[in-house]
Peer 1: 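Handing you this structure, nothing more for now.
The sequence lines fix the lettering, A, B, ..., with proteins before strands; numbering per chain opens at 1. Remember, predicted model here, so these are calculated numbers, not experimental data.
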Protein chains: 2
Amino acid sequence: MSLRYALLGVLEARPMTGYELAQFFDGSTAWVWSAPHSNIYPTLRKMQAEGLLAAETDIKGEKLERTSYSITDEGERALKEWVVSDPGPPTRDPLLLRMVFADIVDPEEVTKLLGMLIERQTDLVAQWTDHAQALRRKDTDLLRERLKTKPPEDHDRIAEIKANVFDLMVAQAETWIEWATRAVEGFDDGAR
Amino acid sequence: MSLRYALLGVLEARPMTGYELAQFFDGSTAWVWSAPHSNIYPTLRKMQAEGLLAAETDIKGEKLERTSYSITDEGERALKEWVVSDPGPPTRDPLLLRMVFADIVDPEEVTKLLGMLIERQTDLVAQWTDHAQALRRKDTDLLRERLKTKPPEDHDRIAEIKANVFDLMVAQAETWIEWATRAVEGFDDGAR
DNA sequence: TCATCCATGTAATTTGTTACATGATTCG
DNA sequence: CGAATCATGTAACAAATTACATGGATGA
């Protein structure tokens, strides 16, 4: 469900091909959303059929076709509507579920898992901190394109809004790290 | 995918019918996981076919059948394995995605959304705080059943592990609240 | 010319959601 | 006897994941 809006949101910045979008969403944890190309291409076609996107196909070289998608007015309306629609119940996190059942496994194993978690979240903090800074410098590909179509007096505000989200992700990761650090101590005490 | 393990984890505490499980998971945001009964019943049957669960059907009254499921040794092995297996990429949150695109809608609308968010997260903090306390008092239905089969010297440790998870959920909700509060100020400034 | 990147797809499977549907039992 | 609760399902649909698959363009 969210992929559709992720695509709309990115295409709102500038038209892109499925390939470009797939790279943008390529499963790396660096951005807010991810999806494999095998999901992206069919979704784009569906959205075009629904009038949310416009497609333009051209030929690169001799015969290599590529289709560039851009957001339509209808697509923009749908995106705006979605952004402020009721968020529904909070997203549930399978990681929390594991942790609830952590008491049935060997404490050492859990400590190992928590260690891995801390490591990964620490990496993410670094990545996201960088990204937030880059956004505030207006120094990311997408944001640059995005700002071209917007009045200069809005630029700071727009960059700040996007950067804020990465600040939040950093804060969430740090919450995890603090919790996991305390939890490891607990498990060590328990094992002692 | 996670539902299977959620079911295993709950059934590890005590055998239950689909109906009881459905109540436990009934979409209320109170617990860590949720699922509708229409998902639970078929999943239970599949898991029984796979040997993860054992089913026992009895008759209540004249002809009302009900099937109680209990976890098998194989199910327990599968659960333990899952708990400490690689968590993979972090769960992505559609809410964050909305926020990234918040710059294209009316600031007032976003402020309204953030207000709703703060309200809900505040409710959740209260609920989860209560639940963590109840767990530390060993005063929840499931935990009581769960502890019956475990040696008394483990009781504190088990309760503490489960309570920890709700502490984390509280901390995460508070992170959201703090962020949203600051973000509202930003939007008010931007609108001024 | 060969490896890397560009570019797009299909198919199978699994998972989850929403809606529809039925009937028994219990308690006041 | 009627309402609430117990108890279990099916069907249709939407979404996501994994694997399989193909071929053109570009540059060293």
Side-chain angles (χ1 to χ4, degrees), chain A residues 1-8 15-29 33-50 52-53 55-69 78 82 86-94 97, chain B residues 1-8 15-29 33-50 52-53 55-69 78 82 86-94 97:
Chain A
M1 184 96 240
S2 300
L3 174 58
R4 308 168 70 81
Y5 296 104
L7 292 170
L8 283 175
M16 285 192 194
T17 65
Y19 186 77
E20 288 177 287
L21 287 162
Q23 292 204 304
F24 201 83
F25 289 111
D26 81 340
S28 82
T29 52
W33 208 255
S34 71
H37 77 272
S38 63
N39 197 359
I40 291 172
Y41 287 111
T43 304
L44 287 170
R45 287 197 304 266
K46 264 179 253 163
M47 290 171 73
Q48 190 222 339
E50 291 163 18
L52 302 169
L53 298 179
E56 198 181 358
T57 301
D58 66 345
I59 307 249
K60 201 186 166 187
E62 284 299 291
K63 50 176 99 155
L64 185 57
E65 287 202 350
R66 65 172 191 179
T67 305
S68 190
Y69 291 91
W82 175 74
D86 190 299
T91 313
R92 57 218 156 150
D93 185 346
L97 190 60
Chain B
M1 181 99 241
S2 300
L3 174 57
R4 306 168 70 81
Y5 296 105
L7 293 169
L8 283 175
M16 285 193 195
T17 65
Y19 186 76
E20 287 177 288
L21 287 161
Q23 292 203 303
F24 202 83
F25 288 111
D26 81 342
S28 82
T29 52
W33 208 254
S34 71
H37 76 272
S38 62
N39 197 359
I40 290 172
Y41 286 112
T43 303
L44 287 170
R45 287 197 303 266
K46 265 180 251 163
M47 290 171 75
Q48 190 222 339
E50 291 163 17
L52 302 169
L53 299 179
E56 198 181 359
T57 302
D58 65 347
I59 306 248
K60 201 185 164 188
E62 284 297 293
K63 50 175 99 156
L64 185 57
E65 287 203 350
R66 66 172 191 180
T67 305
S68 190
Y69 292 91
W82 175 74
D86 191 299
T91 313
R92 60 218 154 150
D93 186 346
L97 191 60

Peer 1: I need the CE-P distance between A/Met1 and D/dA16, as an integer number of Å.
Peer 2: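 So the two atoms are 9 Å apart, to the nearest Å.
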Peer 1: Output the rounded distance in Å from CD (B/Glu56) to C1' (D/dA7).
Peer 2: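 Value for this atom pair: 17 Å.
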Peer 1: According to a strict under-4.0 Å criterion, is A/Gln23 in side-chain N/O contact with OP1 or OP2 of C/dC6?
Peer 2: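 Checking C/dC6 against A/Gln23, a side-chain N or O does come within under 4.0 Å of OP1 or OP2.
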Peer 1: Please determine whether the number of non-hydrogen atoms from other residues, nucleotides or ligands lying under 6.0 Å from atom CD of A/Glu56 exceeds 12.
Peer 2: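 At most 12 heavy atoms, drawn from other residues, nucleotides or ligands, come within 6.0 Å of this atom.
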Peer 1: Is there a donor-acceptor pair under 3.5 Å between the side chain of A/Arg92 and the backbone N or O of B/Ser34?
Peer 2: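 Pair found, side chain donor or acceptor close to backbone of B/Ser34.
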Peer 1: The side chain of B/Arg45 is closest to which nucleotide in this list: D/dT10, D/dA16, C/dC6?
Peer 2: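 For B/Arg45, the side-chain atoms sit closest to D/dT10.
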Peer 1: Starting from P on D/dT8, measure out to OH on B/Tyr69 and report it in whole angstrom.
Peer 2: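 Checked: the OH to P distance equals 7 Å.
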Peer 1: From the list D/dT8, D/dA21, D/dT10, which nucleotide is the closest neighbour of the side chain of B/Pro42?
Peer 2: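 Taking heavy atoms from C-beta onward, the closest nucleotide is D/dT10.
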Peer 1: From the options C/dG9, D/dC6, C/dA7, select the nucleotide whose nearest atom is closest to the side chain of B/Tyr19.
Peer 2: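 Among C/dG9, D/dC6, C/dA7, the one nearest the side chain of B/Tyr19 is D/dC6.
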Peer 1: Kindly point out which of C/dG23, C/dT17, D/dT17 is positioned nearest to the side chain of B/Leu64?
Peer 2: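 Output: C/dG23.
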Peer 1: For A/Leu44 and C/dA7, what is the distance between atoms CG and P respectively, to the nearest whole Å?
Peer 2: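 Computing the A/Leu44:CG to C/dA7:P distance gives 14 Å.
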Peer 1: Rounded off to whole Å, could you give me the CZ-to-C1' distance for the A/Phe25 and D/dT17 pair?
Peer 2: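 These atoms are roughly 17 Å apart.
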Peer 1: For DNA chain C, whose closest nucleotide is more 5', that of A/Asn39 or that of A/Lys60?
Peer 2: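 Whichever sits nearer the 5' end wins; that is A/Lys60.
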Peer 1: In whole Å, I'd like the distance from the CD atom of B/Glu20 to the P atom of D/dT5.
Peer 2: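 Value for this atom pair: 16 Å.
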Peer 1: Under the ring-ring contact (aromatic ring centres under 6.0 Å, His included) test, which residues partner B/Tyr19, sequence neighbours left out?
Peer 2: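 If we apply the ring-ring contact (aromatic ring centres under 6.0 Å, His included) test to B/Tyr19, skipping adjacent residues, there are no hits.
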Peer 1: What's the closest nucleotide to the side chain of B/His37 if the choices are C/dA21, D/dC6, D/dA16?
Peer 2: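 Nearest nucleotide to the side chain: C/dA21.
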Peer 1: Let me know the distance between CG of A/Leu97 and P of C/dT15, rounded to the nearest Å.
Peer 2: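 From A/Leu97 CG to C/dT15 P: 15 Å.
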Peer 1: Looking at B/Arg66, I'd like to know whether one of its side-chain N or O atoms comes within less than 4.0 Å of OP1 or OP2 on C/dA24.
Peer 2: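 Result: no.
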Peer 1: Side chain of A/Tyr41 only, please: which of C/dT8, C/dT15, C/dA11 is the nearest?
Peer 2: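 So the side chain of A/Tyr41 is nearest to C/dT8.
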Peer 1: With no hydrogens and no angle check, is any side-chain donor or acceptor of B/Gln23 less than 3.5 Å from a backbone partner on B/Glu20?
Peer 2: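 Between the backbone of B/Glu20 and the side chain of B/Gln23 there is no qualifying donor-acceptor contact (under 3.5 Å).
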Peer 1: Heavy atoms, side chains only, cut-off 4.5 Å: are A/Ser68 and A/Asp58 in contact?
Peer 2: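 No, their side chains stay 4.5 Å or more apart.
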Peer 1: Starting the side chain at C-beta, find the nucleotide from C/dG23, C/dA7, D/dA25 nearest to A/Lys63.
Peer 2: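 Nearest to the side chain of A/Lys63 among the choices is D/dA25.
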Peer 1: Nearest 0.5 Å, what's the OG1-CD distance between B/Thr67 and B/Gln48?
Peer 2: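 Interatomic distance, B/Thr67 OG1 to B/Gln48 CD, rounded to 0.5 Å: 8.5 Å.
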Peer 1: Please report the distance, rounded to the nearest Å, between CG in B/Asp26 and P in C/dG16.
Peer 2: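 Those two atoms, CG and P, are 17 Å apart.
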Peer 1: Look at the side chain of A/Ser38 and the base of D/dT18, then say whether one donor and one acceptor between them are separated by less than 3.5 Å.
Peer 2: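 Answer is yes: a donor-acceptor pair is held.
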Peer 1: Counting heavy atoms from C-beta on, name the nucleotide in C/dT25, D/dC6, C/dA7 closest to the side chain of B/Glu62.
Peer 2: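 Per side-chain heavy atoms of B/Glu62, the pick is C/dT25.
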Peer 1: For B/Ser68 and A/Gly61, find the nucleotide of DNA chain D closest to each by heavy atoms; which residue's nucleotide sits nearer the 5' end?
Peer 2: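 Whichever sits nearer the 5' end wins; that is B/Ser68.
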